[in-house]
Amino acid sequence: MGEEVEQGKKRTLRQTLFIVGGMSLFVFALVPMYGLLCDLTGLNGKTRNEAQEVVDVSPDTSRTVTVEFLASVNESMPWDFRPVVARMTVHPGEVKQTSFLARNRTSTEMVGQAIPSVTPGLAALHFKKTECFCFTEQKFAAGEEREMPLIFMVDKDLPEHISTVTLAYTFFDKQKLVD
Amino acid sequence: MLVTKTKRALTAAAGIAALFGATSAAAEYGLNLTTGVTPISREAYDLHMLILEVCIGIGVVVFGAMFISIIKHRKSRGVQPSQFHESTTVEILWTIIPFLILVGMAIPATKALVAMEDTSNADLSIKVTGYQWRWGYDYVDNGISFISSLATPKDQIYNKAKKDEHYLLEVDKPLVVPVNKKVRLLITANDVIHAWWVPALGMKKDAIPGYINEMWFKVEKAGTYRGQCAELCGKDHGFMPIVVVAKDEADYEKWVAEQKGEAKADEQAAQRTWSRDELMARGEKVYNSSCAACHQANGEGVPGAFPALKGGAVTTGPVAGHISLVLNGKPGTAMAAFANQLSDVELAAVVTYERNAWGNDTGDMVQPSDVKAAR
Amino acid sequence: MSTATTHDAHHEEHPSGLMRWVTTTNHKDIGTLYLLFSLLMFLVGGAMAMVIRAELFEPGLQFVEPQFFNSMTTMHALIMIFGAVMPAFVCLANWLIPMMIGAPDMALPRMNNWSFWILPFAFAILLSTLFMEGGAPAGGWTMYPPLVMQTGNAFPFLIFSVHLMGISSIMGAINVIVTIVNMRAPGMTMMKMPLFVWTWLITAYLLIATMPVLAGAVTMLLTDRFFDTSFFNAAGGGDPVMFQHIFWFFGHPEVYILILQAFGIVSQIIPTFARKPLFGYSSMVYATASIAFLSFIVWAHHMFTVGMPLTGELFFMYATMLIAVPTGVKVFNWVSTMWRGAMTFETPMLFAIGFVIMFTIGGFSGLMLAMAPVDFQYHDTYFVVAHFHYVLVTGAVFAIMGATYYWLPKWTGHMYNEKLGKLHFWLSTISVNVLFFPQHFLGLAGMPRRIPDYSVQFAGFNEISSIGGFAFGLTQLLFVYIVFKTIKGGEKATDQVWEGAHGLEWTLPSPPPYHSFSTAPEVK
C-alpha cells in the first residue's frame with residue numbers, strides 16, 4: 001500500500017501544481033481577453049484607438065443623434081484643451097468633422113497622448129473614427145497652440161434608444177509615464 | 001402549520017417594517033435609507049424595503065424554528081434525540097421556494113435597473129471631475145465651470161471650534177441644477193478613482209481617470225442635498241463633500257445669469273490693479289481652501305511629504321518661478337497645476353499671500369495681469 | 001505500513017527547544033504554530049481596529065491623521081484576512097485533517113514547514129512598512145490603481161509580502177488536497193468524510209485557483225510602477241477598471257475561502273451537541289460545491305458602480321442572488337439538525353448557534369447588496385462594512401473560536417474552563433452586535449466607509465459602535481487567557497471529550513500521539 005500511496009501523492013501534487021501554473025498563465029491571458037471583451041461589448045466605453053474604415057456612407061436622415069464632446073487633462077497636465085464645439089447633431093451614417101484645441105502652457109516641449117472614452121458604453125461600438133489626433137502621440141513645442149481635427153461617423157446600427165453619445169478625451173502627459 | 005407560520009412571519013415583518021416606517025418619518029435619526037427626491041431614489045427605497053421585509057420574514061421563520069428547538073429540544077428536559085437525517089421532499093422544497101422568492105425579487109429589480117441606466121433625452125449635461133480632493137463641475141451647454149471644495153474650517157476639524165450643523169458637508173460653491181429637468185452627469189477623474197454620490201438623488205457612479213461614466217437624476221423638490229465622495233481616493237477622501245442645490249426654473253436661470261455676470265466681473269477685476277490688503281485677504285481664503293490641506297494653515301507643511309512654504313525656497317525665491325509652479329504644478333509630486341482650477345485674481349492673491357504670510361515678508365505683490373501674462 | 005514500534009522510535013527523534021519548532025514537520029506542531037501565529041495577528045489587527053474605532057468615536061480628528069487612518073484600515077484588512085483568519089483555518093486543517101481521515105500526518109510534511117515559516121517573514125515585511133518613508137500602504141486592501149501607485153517606499157514591500165502570503169496559502173492548500181485525496185484510511189470514502197474535511201478540500205481548490213490570480217494582479221501593479229508597462233494605466237492603453245475585474249475574480253472566491261471551512265466546523269459541532277446526525281449530509285456537500293462554483297461568476301457585484309453595461313449588471317445581479325439558494329440550504333440543514341435533538345449548550349455549541357444566527361444576518365444584508373439598483377445606494381458605505389463584518393467576524397471568527405473550544409481538549413488533553421468560555425461567548429456576542437449592528441444604520445443614513453472623520457449626524461451610532469468595539473477587543477484578551485490556561489493544564493479530558501462526538505479524531509487519546517494514526521483505522 002505504501003508504494004501506491006506515494007505514487008498517488010505524486011500524481012495529485014502534479015495535478016495541483018498544474019492548476020497553479022495554469023492559473024498563473026491564465027491571469028495574464030485575462031489582459032487580452034478583457035481587451036477583446038471591451039471591443040465586443042463596449043464594456044467601460046472603451047473605443048478603438050485606431051482608424052476604422054467606413055464603407056457605407058449613406059446617411060439615415062430620418063434619425064438624428066446628438067454628439068457631445070468633452071476634453072480633460074489628466075493630473076492637471078499644464079495644457080489647455082477644449083473642443084471647438086461642445087455638441088453637434090448628426091444623422092447616423094453621416095461622416096462629420098470637428099476639431100479640438102490644445103495649447104502647451106509651459107516653456108518646454110511636451111508630448112501628450114489623448115485617450116478617448118465613449119458613453120453610453122454600448123455606443124462605443126458604433127462610434128467610428130476615421131481620423132483622430134488620438135491615434136498618435138502629439139508633440140507640442142513650448143507655448144504651441146494647435147487645432148486638431150477629428151473625423152467620425154456614428155453608424156446606422158446605433159441602438160434605437162440611444163439619442164446622445166458623448167465622446168470624451170483625456171490628455172495624458174507621455175513623459176510622465178516614461179519617467 | 002406552515003400557513004400559520006407564514007402568517008406569523010408576515011405580521012412580524014409588517015410590525016418591524018412599521019417600526020422602520022415610523023422612524024423614517026424622523027429622518028434625522030438616520031435609521032433607514034432615505035426616500036430621496038428623485039424617481040430613482042424612490043425606486044431604490046421601495047426595493048430596499050421589499051428585500052428587507054422578505055429577509056425579515058425568512059428570518060422570523062428560520063430563527064423561530066431554531067428558538068423553538070433550542071427551548072424544547074434540550075437534554076435537560078429529558079428528551080431523547082430523534083435520529084432522522086434526511087428528507088428528499090423537504091430538501092427539494094427548501095431549494096425551490098427560496099429560488100421562487102428570488103425570482104420574485106429579481107423582476108422589480110430588473111425594471112428599476114433598466115430605468116436607472118436610461119440616460120437618454122436629458123435636458124442638461126454637466127461634466128463632473130474628481131480631483132484629489134475636490135470636485136470640478138463644467139456645464140456643457142453654457143460654459144459655466146467651477147471647482148467645489150470643502151468649506152468646513154480646519155478649526156472645526158481639529159476640535160478647536162464648535163462644529164456646524166453641516167460639518168464636513170459644506171462646500172464653497174455648490175452644484176446648482178434646475179428641478180424637474182433630467183440632468184445627466186458625465187463623470188471622470190483627474191488623478192485617482194473617486195465616486196460621486198448624493199443619497200437623496202439615489203445614484204452613485206465611479207469617476208475614473210481617462211474614462212467617462214454617466215448617470216442621471218431628476219430632482220422633484222427644490223432644496224439642498226448633500227453627499228460625499230464614496231471611493232477611497234487618498235488622504236482627504238473624507239473631506240471632499242458634494243452639495244447639490246436644486247432650484248426652480250426661474251431661480252436657476254437667475255443663477256446662470258449671475259454666474260455669467262460674475263465671470264465677466266472676474267475678468268474686469270483681473271484688468272484692474274489690486275491693493276495689497278485686497279490681495280492678502282483674498283489670498284488667505286484661497287490658500288485655506290486650496291493649499292492648506294497639504295502645506296498646512298501655518299505654512300509649515302508636513303515634513304517628508306509636503307514642503308514648508310514658510311521660508312521656502314520657492315516662496316521666497318523669484319516671483320516668476322513661484323507663479324509658474326502654482327500654475328503648472330510639479331510633475332511626479334502631489335503638487336497640482338492650478339491653472340484650470342483658479343482664476344487670475346485668485347492665483348495672484350494666493351501667490352502674494354504665500355510670499356508675505358508667516359514672516360516670509362518678501363514684500364512682493366503679484367497682480368492678476370502678471371498671472372495672465374504667465375499663463 | 002509502519003508498525004507501532006517504529007512509530008515510538010520516531011517519536012523520540014525530534015529535537016527539543018526552539019529548533020523543534022523551526023525544523024518541525026509534524027502536523028500537530030505546525031498546527032500549533034499556525035494557531036499561535038494567527039492569535040498574534042488577530043491581536044495586532046485588532047489593535048489597529050481599536051485605533052480606527054478610537055478615531056471614529058466622535059466627529060473631528062483626535063488621535064491620528066487621515067493618511068495614517070487609511071493605513072490602519074488597509075493594514076487591518078490585510079492582517080485579519082491573510083494573517084489571522086486564513087492561518088487559523090490552516091491550523092485547524094493541520095491539526096484535524098490527518099486525525100479525521102485516519103492518516104499519520106500530512107502528505108507533504110516538509111512543504112508544510114515552509115508554508116508556515118514563510119508567514120512570519122511576510123508579515124514582518126508588511127508591518128515594517130509602518131516605519132517607512134511615505135507610511136504604510138493606505139490605498140485599501142483592494143489595492144486599486146491608480147491610488148495604490150501613490151504609496152511611498154512601502155509599495156514594493158506590500159507587493160512582495162502579498163506574494164509571500166500567496167505562496168504560503170498555495171503550499172498549504174496543495175498539502176491539504178494531496179493529503180485528503182491519498183491518505184484516507186481504508187473504507188473512508190469521499191462521501192463518508194467529515195464535513196470539515198470536505199469544506200477544506202473544496203476551499204483548497206479555490207485557493208490554488210485564485211491565489212495565482214492575485215499574485216498576477218499585484219505583479220502587474222509592480223511592473224506598471226517600475227517597468228513602464230501599462231496594464232492599468234489609461235495613458236498607455238490600459239484600464240484601471242481591469243484591475244478591479246482581476247482583483248475581484250480572485251476576491252470573491254477569497255470571500256468563500258474565508259467562510260466555507262466555517263460551514264464545515266459548524267456542521268461538526270451542531271450534531272455533537274444535538275446528539276443527532278447532521279441533517280442532509282450530501283446536500284451539504286453539494287451546496288458547498290455549488291457555492292464554490294458560483295463564487296467564480298459573481299465577482300463584478302463588488303463593482304456595480306464602475307459603469308458596466310446593463311446586461312453585465314443584470315448577469316452579475318442574478319448570479320449573486322443565486323448564491324442565496326445553496327447558502328439557505330445549509331442554514332435550513334443546521335436548523336433541522338437541531339430540531340428534535342437533545343441539545344446541551346457548552347461553549348462550542350454556543351458559538352455555533354451564534355454563528356448560524358449572525359452569519360444569516362450577514363447573509364441577508366448580502367442578499368440586499370446583491371440587488372444592483374439598491375447597491376448603488378449601499379455601495380462603499382458602512383452598510384457594506386456591517387455586512388462583511390457580520391460574515392467574517394460573527395461568521396468566520398466565531399466558527400474558529402467555536403472550533404478552538406471544541407477541539408482544544410483533544411489537542412491538549414485538558415478541559416478549558418467552561419464558565420470562562422461561556423462568559424467569553426456572551427461578552428463577545430453582546431459586544432460584537434453593539435459594534436456592528438449600528439453600522440447598518442450608519443450606512444443607510446449615508447456614511448461612506450474608509451473615512452477618518454464624519455458629519456455630526458452620524459455621531460451617535462459611531463459612539464455606540466466604538467464602545468462595542470472596545471468591549472469586543474478587551475473580551476478577546478479573555479480568549480487568549482483561556483487558551484493558554486488550557487494548554488498549561490486543567491481538568492483531564494476524556495478521549496471522546498464530548499458525549500455526542502463521533503469521528504476518528506475522538507477515538508485517539510487526548511492529547512493524541514505525536515503521529516496520529518500510525519496504523520490506519522478501519523472505517524465501516
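Letters A, B, ... are given to chains in the order of the sequence lines, protein chains preceding strands, and every chain is numbered from 1.
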**Complete:** Rounded to the nearest 0.5 angstrom, the NE2-CZ distance for B:His73 and C:Arg275 is 14.5 Å
**Fill in**
Whatever's closer than 4.5 Å to a heavy atom in chain B on C:Phe332 counts as both
**Prompt:** Is the CD atom of B:Gln83 crowded by more than 12 outside heavy atoms at less than 6.0 Å?
**Reply:** yes
**Complete:** Looking only at C:Thr360, C:Thr337, C:Ile361, C:Val331, the option with the highest number of non-hydrogen pairs under 4.5 Å against chain B is C:Thr360
**Message:** So for C:Pro452, is it side chain, backbone, both, or neither that comes closer than 4.5 Å to the heavy atoms of chain B?
**Reply:** side chain
**Request:** Specify which of B:Thr95, B:Asp236, B:Thr110 makes the most heavy-atom pairs with chain C at under 4.5 Å.
**Result:** B:Thr110
**Message:** Does B:Phe84, at its CZ atom, have more than 12 non-hydrogen atoms belonging to other residues, nucleotides or ligands within less than 6.0 Å?
**Reply:** yes
**Asked** Do you know which two heavy atoms are closest between B:Tyr167 and C:Gly60, and how far apart they sit?
**Response** OH-CA, 3.3 Å
**Prompt:** Is any side-chain heavy atom of B:Met215 less than 4.5 Å from a side-chain heavy atom of C:Thr305?
**Reply:** no
**Residue part contacting chain C, namely of B:Gln80, when any heavy atom lies under 4.5 Å** = backbone
**Prompt:** Are the side chains of B:His85 and C:Leu278 in touch, meaning some heavy atoms are under 4.5 Å apart?
**Reply:** no
**Prompt:** At their closest point, which heavy atom of C:Gln377 faces which heavy atom of B:Lys204, and how far apart are they?
**Reply:** O-NZ, 3.1 Å
**Prompt:** Side chain, backbone, both or neither: which part of B:Ile70 has a non-hydrogen atom closer than 4.5 Å to chain C?
**Reply:** both
**Message:** Can you confirm whether C:Tyr144 sits close enough to B:Glu231 that some side-chain heavy atom of one is under 4.5 Å from a side-chain heavy atom of the other?
**Reply:** yes
**Message:** Determine whether a donor-acceptor pair (N or O, by modelled atom type, separation under 3.5 Å) exists between the side chain of B:Asn32 and the backbone of C:Leu444.
**Reply:** no
**Request:** Select one option (side chain, backbone, both, neither) describing which atoms of B:Thr88 are under 4.5 Å from chain C's heavy atoms.
**Result:** neither
**Asked** Side chain, backbone, both or neither: which part of C:Ser71 has a non-hydrogen atom closer than 4.5 Å to chain B?
**Response** neither
**Complete:** Rounded to the nearest 0.5 Å, the OG atom of C:Ser365 sits from the CG atom of B:Leu52 at a distance of 10.5 Å
**Item:** Heavy-atom pair of closest approach, residues C:Met368 and B:Cys55
**Value:** CG-SG, 4.4 Å
**Request:** Just give me the residue among C:Glu58, C:Met303, C:Glu499 that pairs up with chain B most often, heavy atom to heavy atom, under 4.5 Å.
**Result:** C:Glu499
**Asked** Does any non-hydrogen side-chain atom of C:Trp339 lie less than 4.5 Å from one of B:Ile68?
**Response** yes
**Prompt:** How far apart are the closest heavy atoms of C:Ser455 and B:Leu168, and which atoms are they?
**Reply:** N-CD1, 4.3 Å
**Asked** Is C:Ile451 close to B:His237 at the side-chain level, that is, under 4.5 Å between some pair of heavy atoms?
**Response** yes
**Message:** Quick one, B:Ile193 with C:Gln244, criterion side chain to side chain contact (heavy atoms under 4.5 Å, CB included). Give me CA distance, side-chain angles, the key distance, then yes/no.
**Reply:** CA-CA 11 Å; B:Ile193 300 174; C:Gln244 301 185 18; 3.3 Å; yes
**Message:** What I'd like to find out is whether the side chain of B:Leu232 reaches to under 4.5 Å of the side chain of C:Asp380, using heavy atoms alone.
**Reply:** no
**Request:** Name the region of B:Met116, side chain, backbone, both or neither, that has any atom closer than 4.5 Å to a heavy atom of chain C.
**Result:** side chain
**Top contributor to chain B interface from C:Thr73, C:Val148, C:Leu314 [non-hydrogen pairs under 4.5 Å]** = C:Leu314
**Item:** Portion of C:Phe364 that has a non-hydrogen atom of chain B nearer than 4.5 angstrom
**Value:** both
**Complete:** Answer key: most heavy-atom pairs under 4.5 Å with chain B among C:Pro145, C:Pro146, C:Ala234 is C:Pro146
**Message:** Quick one, C:Met343 with B:Ser69, criterion side chain to side chain contact (heavy atoms under 4.5 Å, CB included). Give me CA distance, side-chain angles, the key distance, then yes/no.
**Reply:** CA-CA 9 Å; C:Met343 282 190 275; B:Ser69 183; 3.4 Å; yes
**Asked** Distance from C:Met284 atom CE to B:Glu91 atom CD, nearest 0.5 Å?
**Response** 9.5 Å
**Item:** Structural part of B:Ala195 lying under 4.5 Å from a heavy atom of chain C
**Value:** neither
**Request:** State, yes or no, whether a side-chain contact exists between B:Gln132 and C:Gln150 at a heavy-atom distance under 4.5 Å.
**Result:** yes
**Item:** Max heavy-atom pair count under 4.5 Å with chain B, selected residue of C:His440, C:Met447, C:Met371
**Value:** C:Met371
**Request:** Please examine the side chains of C:Val306 and B:Tyr211, heavy atoms only from C-beta on, and report whether any two atoms are closer than 4.5 Å.
**Result:** no
**Request:** Please state whether the side chain, the backbone, both or neither of B:Lys205 comes within less than 4.5 Å of a heavy atom of chain C.
**Result:** both
**Complete:** OH (C:Tyr454) and CG (B:Leu169) are apart, to the nearest 0.5 Å, by 13.0 Å
**Asked** On the ring face of C:Phe345, is B:Lys75 found with NZ or CZ under 6.0 Å from the centre and within 45° of the axis?
**Response** no
**Asked** Which bit of B:Val114 comes within less than 4.5 Å of chain C, counting heavy atoms only: side chain, backbone, both or neither?
**Response** both
**Which atoms of C:Ala274 approach chain B - backbone, side chain, both or neither, heavy atom under 4.5 Å** = backbone
**Item:** Residue selection (most heavy-atom pairs with chain C, distance under 4.5 Å) from B:Ala112, B:Gly234, B:Gly36
**Value:** B:Gly234
**Item:** Spacing of B:Leu33 atom CG and C:Phe383 atom CZ [to the nearest 0.5 Å]
**Value:** 9.0 Å
**Message:** I'd like to verify something: which residue of B:Pro98, B:Gly210, B:Ser82, B:Gly238 has the highest number of heavy-atom pairs under 4.5 Å with chain C?
**Reply:** B:Ser82
**Asked** With only heavy atoms counted, which part of C:Asp453 is less than 4.5 Å from chain B, the side chain, the backbone, both or neither?
**Response** both
**Complete:** Ranked by heavy-atom pairs below 4.5 Å to chain B, first place among C:Glu65, C:Arg340, C:Gln62 goes to C:Arg340
**Asked** Where is the tightest heavy-atom contact between C:Ile357 and B:Phe67, given as atom of each residue plus distance?
**Response** CD1-CZ, 3.7 Å
**Prompt:** Do C:Phe279 and B:Trp94 make the cut of ring centroids closer than 6.0 angstrom?
**Reply:** yes
**Complete:** Rounding to 0.5 Å, atoms CZ (C:Phe376) and CD (B:Glu117) come to a distance of 5.0 Å
**Request:** Evaluate whether atom CZ of B:Phe99 has more than 12 neighbouring non-hydrogen atoms of other residues, nucleotides or ligands under 6.0 angstrom away.
**Result:** no
**Request:** Would you name the heavy atoms of B:Ala44 and C:Pro373 that are closest together and state the gap between them?
**Result:** CB-O, 4.0 Å
**Request:** Check the pair B:Asp191 / C:Leu147 against side chain to side chain contact (heavy atoms under 4.5 Å, CB included), numbers first and verdict last.
**Result:** CA-CA 8 Å; B:Asp191 28 49; C:Leu147 182 62; over 6 Å; no
